[in-house]
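Accompanying notes for the structure given below.
Within every chain, numbering begins at 1; the chains are lettered A, B, ... in the order of the sequence lines, protein sequences first and strands thereafter.
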Amino acid sequence: MFGFYLSQLFNGITQGSIYALMAIGYSLIFGTLGLVTFAYGDIVIFGVFVGYYFYAVLGLNLILAMLLALPITFLFGVLVEKICYEKFRKEARMLMLITTVGFGIFLRSASQIIFGTGNKSIPTLIEGKIEIGNLNILYIQLGIIIFTLIFIYALRYFLNNTRTGIGIRALSMDQDAAKLVGVNVDKSIKFGHSLGVVLGVFGGIMLGSFYNAISPMMGPNLGLKAFTAVVLGGITSIPGAVIGGYILGIMENLAVAVFSSGYRDVVAFIILIIVLVVKPSGLFGKEVKF
Amino acid sequence: MTKILSSENLCKYFGGVRAVDQVDFSVDKGEIFGIIGPNGAGKTTLFNLLTGTLGVTKGKIYFKDGEITNLPPQKVTRLGIARTFQNIKLFEEMEVLENVKIGFHTQTKTNMLDAVLKNNKLKEDEEKVHLEGLKLLERVNMLDKKNNLAKNLSYGDKRRLEIARALAVKPEILLVDEPAAGMNPHETDEVVELLEQLNKEGITVVIIEHDMKVIMGMCDEILVLNNGVKLAQGTAAEVQKNPEVIEAYLGK
Amino acid sequence: MLKAEDLKIHYGHVEAVKGISFEVEAGEIVTIIGSNGAGKSSTLRGISNIEDKAGGKVIFQGEDITSLPAHEIVDKGICHVPEGRHIFSQLTVEENLYMGSYSKTDQTKAEYQDKLARMYDIFPRLKERRNQDGGNLSGGEQQMLAIARGLMMDPVIMMLDEPSLGLAPLLVEQIIKLIKEINEDLGTTILLVEQNARKALSIAHRGYVMETGNIIMSDRREKLINDPKLAEAYLGVG
Amino acid sequence: MAANIFEKIITNINKNKLKYIFLLIIVLLILPFVVENQYVLHIAVLTLMYVLLSSSLNVIVGYTGQYNIGHVAFYAIGAYTAAIISTRFNLNFIIVILISGFVASLFSLMLGIPTLRLRGIFFAFTTLGFAEITRLTILNWRSLTRGPFGIPGVPIPQIFGMRLSTNTHFYFMIFILLFLMLLMTYRIINSRVGRAWISIREDEQASASMGVDTFKYKIMNLMYGTFWAGVGGAFFAYFAGYVSADSFILDESFRFFAMVLVGGTGTLAGPILGGAVLTILPQVFRSFARYQMIIYGVAILLIIHYKPEGLLGGRTFKRDLSESEDN
Amino acid sequence: AEDTVKIGLSAPITGNYAEFGENFQYSVEIAADRINANGGIRGREVEIIVRNSEGKPNVAASIAQEFVQNKEIVAEIGDFTSTSCLAAAPIYERNQMVQLSPTSSHPDFARSGEFMFGIVGTQAAEGPFNAEYIAKEYLGIDSVAVIYINNDWGVSTMENFVAAAEKVGLEVTGTEAFFGGETDFSAILTNVKQNNPEGVYIAAMYNEASQVVNQIDRMEWDVAKLAPSSVFSEQFLKLSGESGEGLVTNTFFALEDPKEKVQSFIAEFRERADRNPNLHAAVAYDSMMLLADAIERAGFDRVAIRDALAETENFEGVTGTIEFTDVGDVVRSYMIMEVKDGDWVVQEDYR
Ligand SMILES: Nc1ncnc2c1ncn2[C@@H]1O[C@H](COP(=O)(O)OP(=O)(O)OP(=O)(O)O)[C@@H](O)[C@H]1O
Ligand SMILES: Nc1ncnc2c1ncn2[C@@H]1O[C@H](COP(=O)(O)OP(=O)(O)OP(=O)(O)O)[C@@H](O)[C@H]1O
Ligand SMILES: [Mg+2]
Ligand SMILES: [Mg+2]
């Protein structure tokens, strides 16, 4: 019995680490830059498909193909920013909800036409595993956790200690003032947004490689999970988003263990609402005016 | 003179910042009461405590005979306390007249059903609100702008509208936070005149202002805050002579 | 040094600035006064290009900067301390000051520390609050921070929009004095927009008077102070 | 060029508002008698239904500034309430529709009491979560809702012994409901209650300072809006004769939201146009099959780019949802 | 043009079920082209009117309304999900037009009206077959856990299987649901494994089923895997790789089927779609052929078409012999298939 809960906990941590990795980029775009997005999942999956295209259709080496996808999705991020946000920087954030929903619909359908409608399988990037007692830990799982940690620290460093990073934080609070101290607001927003996209695509590649499958329709669900993780942890806090991801993964899996699998997401959303009611800024976030 | 508004050992802490610290003061009915102090002294915070916008950390607030500590803003307003904001807070996308009409909220009773049925209660209320709203706008010389959107008003008009809106509440006491800020001397005079006129009609006025001409010219009594602490309370003459006040605030 | 020609700024159908021209010489303090809504702030916003111009030209040190993006205008040494402070609310006071030196990419750490210390000298209040979020400062504290942040840029010209708004009398004196000092000691050219016309004119060399989007008067300070019409409308008695 | 003409039409409409409203009502009343094509009528019914739904969302989002992005939950609750009651009890459909509205309203009360003090986007998160909880609960609670099978066989509504089964019948049913809804909303908006709602949207703190019990009015607003969402859902249950959870996914919620924004928030006319455009557009593009959704997405983007305040919008949203602090 | 016979096709061309809708479209068009190449039906060419139902029941209902309104359309093929079919059913029934669903396997669907026909065979038949013949006889296991997708098809598949299992003495150790689009099955597999069943019945489409077997493999759990015919597709093999080995299912359509009509259909499908047809594609093809057969006999009247369809006898399709029951279902006879060396291999034929 104890072993059962232990392995469910382990399942939760595994899944949580994927949510966490996805949440980092989301947190940068949504929490730090203040760009509402409901197309994140679709954009991420699109990016992964770009890598898949290089690999499966053009026949490049798997790792090379995936690495190549990153700069391309960076550029794609610039385009997305132009379509969904640029014109609306001074408008209400709720408009972004609709532009991104519209863009998500567009991208998802376009992906289905470009890449086909079915699931595609991506081979595991790093094969192999280590055994600790009864638990098998795959290298790819370790990779996910390690990258998550690296990204938290790298991103924190970027936002707190580099010029561009502080500029991004400043412009998210007051764009006019940021311009008046010399921040290139347009470039910084595009850069930050694209960075978030690339982080997401990287996460998506790890996810696809872990589950060996991707499909254009995975986007919305993925986005919703990343979103939930970010809100749970507190939208302003990047480590919070990561912890939010882990909590989400663990809670979902324990819900399956304790109640029934049908209530998995119900439990996730109930926790989300409870956290928001008790602590509106999320578990680790600062109170923000949003 | 009877006390109308007073506090006892009032404190508001933000983490380590003691924005208002053990302040005792009292306002007499019918006077014009000034609050001055350096920037960050806690004046606005004090207003926020008095009107229920912020919860108090410690201490008590009394209005007339009752205690109003930590009452929510809408209840405080119902009792007859109205305010304006340092950063003007109008209903920007509403017309000037509509802004004033909201002020009558507490004096009207129309509920959703009345509105749907369009019954007499609704008609009476609407008529009353409309007429009295126009009267108030006339008072502040804004009748010609009654259908402008509040956001399109000039700064001075916005300040005046805020006062008109507060008056619609029919307050016994009116708290105004830097009503003359950002105005030129001419406009400032107009505001002073308006406030003095209101005071004559029996409304107690509490005013925060950095313009000493305004404060010294019209206040019966002045409270000086510094770093959240009460530095002095007295008439204009007394306060102006107080060396601590000179040192901390007035200069020279 | 700074020259505006036929500057126009429109908000939809509102013509806030209707084609004004003026100039500021190096080393001068020039003030623009005028009642609420005259278009003073809009003029400054147009120069620093955070508001689109409907027409006209801006020349700075002989160079046309009309359509340079805002951040490049800052690089040229034009600092605009905007109306309403525009503090970065969730950055600490010190981070806000750091943002002031954002465009100074070639400055050493030591130079930066030096300047920071100088700001804390001028505004001891800010030093006390150095680790507090900008958004939690009182109005006046924010105003100090906004000016200090501007000074961190070492600007060639500083455009100040109502710096005395909401400040305690003592501070108003201080800031007026400070502006004069900056001008005299550092040689910074100043374009000052003020509601408090008397105070502004007390330190300015020249002044422009705006009304409903037009410049209706411009002269040397002595002339303006003694102009009877002006005295009645903008200076107030006493 | 086209933009210009559009502007002109809009200003013209604004000038002669009453005339056009009257004209529109007449046209809508005659429509079912001149149109013989049942498909067109069917789409007309759907259009009016979506107008009802987007208008009900507009009451919440547009007039009070509460960002409810989970409106579909209340639509679903209304539909399921109607389906469950009508298949088990023999009740007149008017009563069933009313009950459905109240049940939806009741759920919004339950959701609202703990969450309404949340501001702006945080409230939006909770409504989103609630929408998913509702959908998943419908899928899981098989004994009540038949889970993924949905509930078929919602009886044909009857009145005075007449069976209301044709598209024309349903057309008039939804027309009357919509008319009632708009009339009631119009009256409320122009009363003390509506003013209080709008003032909350504009500045909650200032509103409280005017003596408005903001919490109470926000609850009232939410309950009123969701009541009509429930009514819309109940109508849908009767019209389709069948409800299933697939009709109540999050996309549907975003669709309502898009209708409100595309048309223009905080006006009565905006969501009417938005609802109509975004209901009819996908039908027109349906024959493009696999390109249909691409066109739909692009259309939304184009409209929002062209008119960020919405096709009929005058007012814009506040940039920040709760910028109001005290000093 | 005037002199064509129009057939409506309502299918999820976009959205979650797009790949299934796409299969429908390919197959029905292949069938139509073939009919036209042979001179059409009663001398008229067949024309397919395709409408995208997005997998949403309310949209399927709107499409139904459009089709019945268009007097030139004589019958309809579709939709994919049972919920969409059921939502559209009242409209077709009221307007007396055939709705022939290639895939709706819900026992209630064909019963919901005179004009409703389903040809995939219902779960009421497939469930018992899988429990008795695949689990008990072929695999020889005594206990099984069920993992099912929480939609109408999945639940009905699960329920019918469980009911049949009880009858034949196959112990069901547990049932676990998941929602469409799920990627992580480790939690429910851990749940299921706790009771140590000998087999796992995976009631899912091939996309999710392949994920499930992948993750069973990753858990290093040695368990018998069986599934309904929905997994029978090339995609399953691609997505599951080695972990699909040994999975057993049934089908009534096999790529090895030597019949000429089957092979030429497969060839044509490969040509157009660049992959092998799966079961769904095959039934969609048969649907069109069945309708053509009925129209040939009945003429172009909607009601007459219905009657002719109901009277269909011994129709030889690519999916075997088709005849409708009284309610409009088809009783299928199944083959057992297993994945061996990365390929589907027919094991036993219960035809
Ligand atoms: N929400 C808050 N969190 C932390 N500190 C705060 C908060 N609100 C105000 N303060 C601090 O409390 C002190 C008093 O602020 P307050 O706004 O009351 O000053 P004030 O007297 O109105 O000044 P001014 O004349 O500049 O408007 C300030 O030092 C300010 O930084
Ligand atoms: N964003 C805006 N949208 C529409 N109108 C605006 C906007 N900003 C300013 N205005 C209008 O433009 C005119 C000029 O405004 P501006 O702020 O430049 O005046 P100002 O001289 O700085 O006044 P103040 O002394 O009050 O700051 C005013 O009528 C104002 O209402
Ligand atoms: Mg203050
Ligand atoms: Mg200004």
Side-chain angles (χ1 to χ4, degrees), chain A residues 30 34 36 38-39 83-84 86-110 112-113 117 175 220 224 227-228 230-232 235 259-278 280-282 288-290, chain D residues 61 67 69 111 114-115 117-133 135-137 139-142 147 249-251 254-255 257-258 260-262 265 290-305 308-309 316-325:
Chain A
F30 178 56
V36 174
F38 279 96
I83 295 173
C84 294
E86 193 180 276
K87 198 177 167 199
F88 310 107
R89 285 192 194 138
K90 291 192 172 173
E91 312 268 352
R93 288 203 166 90
M94 281 299 141
L95 274 186
M96 299 176 178
L97 186 146
I98 291 308
T99 55
T100 53
V101 164
F103 187 76
I105 293 173
F106 164 79
L107 189 62
R108 208 178 313 147
S109 322
Q112 280 196 332
I113 292 171
T117 46
Q175 287 188 16
L224 203 59
F227 165 87
T228 312
V230 169
V231 177
L232 204 56
I235 57 174
F259 305 110
S260 110
S261 42
Y263 286 97
R264 175 183 200 141
D265 288 4
V266 178
V267 169
F269 286 114
I270 287 177
I271 289 172
L272 177 75
I273 293 182
I274 291 175
V275 167
L276 280 175
V277 167
V278 176
S281 50
V288 286
K289 295 167 199 170
F290 216 103
Chain D
V61 171
Y67 294 105
I69 53 177
L111 175 71
T115 61
R117 64 188 185 87
L118 293 173
R119 283 175 168 184
I121 206 145
F122 295 102
F123 176 71
F125 298 154
T126 59
T127 57
L128 185 108
F130 182 72
E132 279 299 274
I133 292 172
R135 186 179 67 86
L136 294 168
T137 305
L139 281 171
N140 281 318
W141 194 352
R142 258 179 250 158
I249 52 180
L250 220 43
D251 277 3
F254 292 143
R255 182 197 294 257
F257 213 92
V260 173
L261 285 189
V262 160
T265 57
R290 64 198 303 222
Y291 298 99
Q292 176 196 347
M293 295 316 278
I294 292 195
I295 297 171
Y296 182 63
V298 171
I300 291 180
L301 284 171
L302 283 181
I303 296 174
I304 296 287
H305 267 262
E309 73 277 19
T316 45
F317 270 105
K318 276 222 173 108
R319 163 86 179 111
D320 286 301
L321 306 172
S322 54
E323 77 218 294
S324 34
E325 269 318 306

Task: D:Leu128 portion near chain A, given a 4.5 angstrom heavy-atom threshold - done: side chain

Open item on the list: So for A:Arg108, is it side chain, backbone, both, or neither that comes closer than 4.5 Å to the heavy atoms of chain D?
Closed with: side chain

TODO: Name the option with the most non-hydrogen atom pairs under 4.5 Å to chain D; the candidates are A:Gly262, A:Gly282, A:Ala268.
DONE: A:Gly262

- [ ] Give me the ring orientation class for A:Phe227 and A:Phe38: parallel if the planes are under 30° apart, tilted from 30 to 60°, perpendicular past 60°.
- [x] tilted

- [ ] Return yes if some donor-acceptor pair links the side-chain N/O of A:Thr100 with the main-chain N/O of A:Met96 below 3.5 Å, else return no.
- [x] yes

- [ ] With a 4.5 angstrom heavy-atom cut-off, could you sort out which part of D:Leu118 is near chain A: side chain, backbone, both or neither?
- [x] side chain

Task: Heavy-atom side-chain proximity of A:Ile83 to A:Thr99 below 4.5 angstrom - done: no

- [ ] Give the ring-plane orientation class for D:Phe125 versus A:Phe30, where under 30° counts as parallel, over 60° as perpendicular and anything between as tilted.
- [x] perpendicular

Task: Toward chain A, the part of D:Ile295 with a non-hydrogen atom under 4.5 Å - done: neither

Task: Side chain, backbone, both or neither of A:Leu272 within contact of chain D (heavy atoms, under 4.5 Å) - done: side chain

- [ ] Look at the side chain of D:Thr265 and the backbone N and O of D:Val260, then say whether any donor-acceptor pair between them is shorter than 3.5 Å.
- [x] no

- [ ] Could I get the full list of side chain to side chain contact (heavy atoms under 4.5 Å, CB included) partners for D:Tyr296, not counting sequence neighbours?
- [x] A:Ile105, D:Arg255, D:Leu278, D:Pro282, D:Met293, D:Ile300

- [ ] Using non-hydrogen atoms and a 4.5 Å limit, figure out which bit of A:Val277 sits close to chain D: side chain, backbone, both or neither.
- [x] both

Open item on the list: As an exercise, state the distance from CD1 of D:Ile249 to CD of D:Glu132, rounded to the nearest 0.5 Å.
Closed with: 9.0 Å

Open item on the list: Heavy-atom cut-off 4.5 Å, strictly under: side chain, backbone, both or neither for A:Tyr263 against chain D?
Closed with: both

TODO: Starting at CZ of D:Phe130, measure out to CZ of D:Arg135 and round the result to the nearest 0.5 Å.
DONE: 13.5 Å

Open item on the list: Between D:Leu301 and chain A, with a heavy-atom cut-off of 4.5 Å, which part of the residue counts as in contact: side chain, backbone, both or neither?
Closed with: side chain

- [ ] Counting only heavy atoms closer than 4.5 Å, note whether A:Leu224 contacts chain D via side chain, backbone, both or neither.
- [x] side chain

Open item on the list: If you count heavy-atom pairs within less than 4.5 Å of chain D, which of A:Ile113, A:Val266, A:Val101 leads?
Closed with: A:Ile113

TODO: Tell me, for D:Leu250 versus chain A, whether the close heavy atoms (under 4.5 Å) come from the side chain, the backbone, both or neither.
DONE: side chain

